There are 2 protein chains.
Amino acid sequence: MDVEHSLQQRMDLFRQRCLELGLACTHQRMVIYKALASTTAHPTPEAIYEQVKREIPAISLGTVYKNIRTFTDAGLLREVSVLHDSLRLDANLGDHHHLVCVRCKAIFDVPETEVTPVQLREPLPDGFRLERCSVLFLGVCAQCAAAQ
Amino acid sequence: MDVEHSLQQRMDLFRQRCLELGLACTHQRMVIYKALASTTAHPTPEAIYEQVKREIPAISLGTVYKNIRTFTDAGLLREVSVLHDSLRLDANLGDHHHLVCVRCKAIFDVPETEVTPVQLREPLPDGFRLERCSVLFLGVCAQCAAAQ
DNA sequence: TTATCTGCAAAGCCTTTGCGCAGAT
DNA sequence: ATCTGCGCAAAGGCTTTGCAGATAA
């Protein structure tokens with residue numbers, strides 16, 4: 001599929017979703033979203049800011065943060081790192097996986113034996129040395145579900 | 001297996017590893033490690049600090065942070081959240097997984113079709129509403145491997 | 001005794017917030 | 001015309017750092 005075309009489609013969809021959500025289609029928002037949709041590098045807010053500045057030199061970092069928050073709250077964007085807001089520690093060095101509540105960030109252990117073996121079919125990027133694999137099962141715990 | 005006994009074993013092993021690594025076996029370190037080894041809750045540094053304060057009221061939060069860093073660097077402890085240090089964004093809302101370089105934190109997409117289907121065999125904790133599953137393949141990218 | 005570690009306090013990110021003006025609907 | 005969003009700057013968390021005294025080897 002034509003990448004340019006696909007991006008165009010995604011921008012159209014974005015515009016439409018903004019209308020539906022009652023979000024103003026500002027120039028800043030379009031450029032910020034375009035920067036996000038144009039890469040698979042999973043950028044940081046700072047990286048988006050640098051990218052957007054090329055087109056809107058007067059943009060402020062605060063605006064980038066505000067809109068990233070707005071987009072994620074609206075479901076237009078996702079955080080790769082669900083647990084990114086604070087350091088969580090694990091003294092269990094054995095192989096195991098985790099079950100995470102996306103609301104309260106509670107983490108439960110999942111023994112490796114309880115998960116079907118995970119294997120990559122694809123050859124890795126050239127020279128990538130794979131060390132281990134960690135599965136995150138995401139959802140909402142009973143307590144958080146009860147609290148609506 | 002007796003939990004009490006297991007903890008004792010882990011403390012002995014910790015003491016031994018400290019010796020091997022040339023790390024001083026201070027009272028603070030023992031208590032911090034004990035707090036980490038005694039829970040499966042994947043605590044934050046702040047939570048460890050609160051726990052350790054019960055036994056060492058004069059402990060400082062800085063000491064807890066320094067030792068957590070020392071332990072992780074030494075391989076005695078692991079971070080659950082490899083990408084916790086900054087927000088990483090993903091405009092691709094379709095199901096897919098990620099390949100992450102643990103050194104430079106580069107993130108590559110892995111299409112869901114390239115991974116064997118992941119399934120939990122175990123019944124979930126009561127009332128947990130599972131939403132999705134995200135696999136992190138961890139390793140070292142070619143560039144970082146080349147840079148030693 | 002010597003090197004390392006601790007507590008304290010300050011500094012450094014990253015991110016959020018408040019406010020008045022500007023822009024979208 | 002009204003409401004929302006933007007830029008600016010300040011404030012707020014979390015984490016690291018520097019230093020002098022204390023502790024482990």
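Just so we're on the same page: letters track the sequence lines, and every chain starts at 1. These values consider heavy atoms only, across backbone and side chains, with no hydrogens, waters or symmetry-generated copies. These figures come from a predicted structure and were not determined experimentally.
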Just how far, in rounded Å, is P of D:dA22 from CD1 of B:I56?
17 Å

In this structure, how many angstroms lie between the C1' atom of D:dG21 and the CD atom of B:Q28, rounded?
14 Å

Of B:D85 and B:I59, the one whose nearest nucleotide on DNA chain C sits closer to the 5' end is B:I59

Please report the distance, rounded to the nearest Å, between NZ in A:K53 and P in D:dC8.
11 Å

Whole angstrom is fine here: how far is it from CD in A:E79 over to C1' in C:dC14?
13 Å

Enter the distance from B:H84:NE2 to A:D85:CG here, rounded to the nearest 0.5 Å.
10.0 Å

Would you indicate which nucleotide in C:dT15, D:dT15, D:dG5 comes nearest to any side-chain atom of B:H84?
D:dT15

So, is A:Y65 close to the C:dT15 phosphate, meaning a side-chain N or O under 4.0 Å from OP1 or OP2?
yes

Do you see a donor-acceptor pair shorter than 3.5 Å between the side chains of B:D12 and B:Q8?
yes

Measure from CG on B:L19 to P on C:dT4 and round the result to the nearest Å.
15 Å

Between C:dT25 (C1') and A:R29 (CZ): distance, integer Å:
13 Å

Between CZ on residue B:R17 and CZ on residue B:R10, distance to nearest 0.5 Å
14.0 Å

Base, sugar-phosphate, or nothing for A:T63, non-hydrogen atoms under 4.0 angstrom?
base

Under 4.0 angstrom between B:T26 side-chain N/O and C:dT6 OP1 or OP2:
yes

A:I68 atom CD1 is separated from C:dT17 atom C1', nearest whole Å, by 16 Å

Can a side chain N or O of A:R69 be found less than 4.0 Å away from OP1 or OP2 on C:dT16?
yes

Does B:E50 CD have over 12 foreign heavy atoms under 6.0 Å away?
yes

Side-chain contact check for A:S60: nearest option of C:dT15, C:dC5, D:dC8 is D:dC8

For B:N67, answer base if it contacts any base atom (sugar-phosphate contacts may also be present), sugar-phosphate if it contacts only those atoms, and nothing otherwise; contact means non-hydrogen atoms under 4.0 Å.
sugar-phosphate

Test for a donor-acceptor pair under 3.5 Å between the base of C:dG18 and the side chain of A:K66, counting only N and O atoms.
yes

Between B:F71 and B:F14, is the ring-ring contact (aromatic ring centres under 6.0 Å, His included) condition met? List the steps.
CA-CA 10 Å; B:F71 296 169; B:F14 173 73; 5.3 Å; yes

Starting at atom CG of A:L21, determine the distance to atom P of D:dT4, rounded to an integer number of angstrom.
14 Å

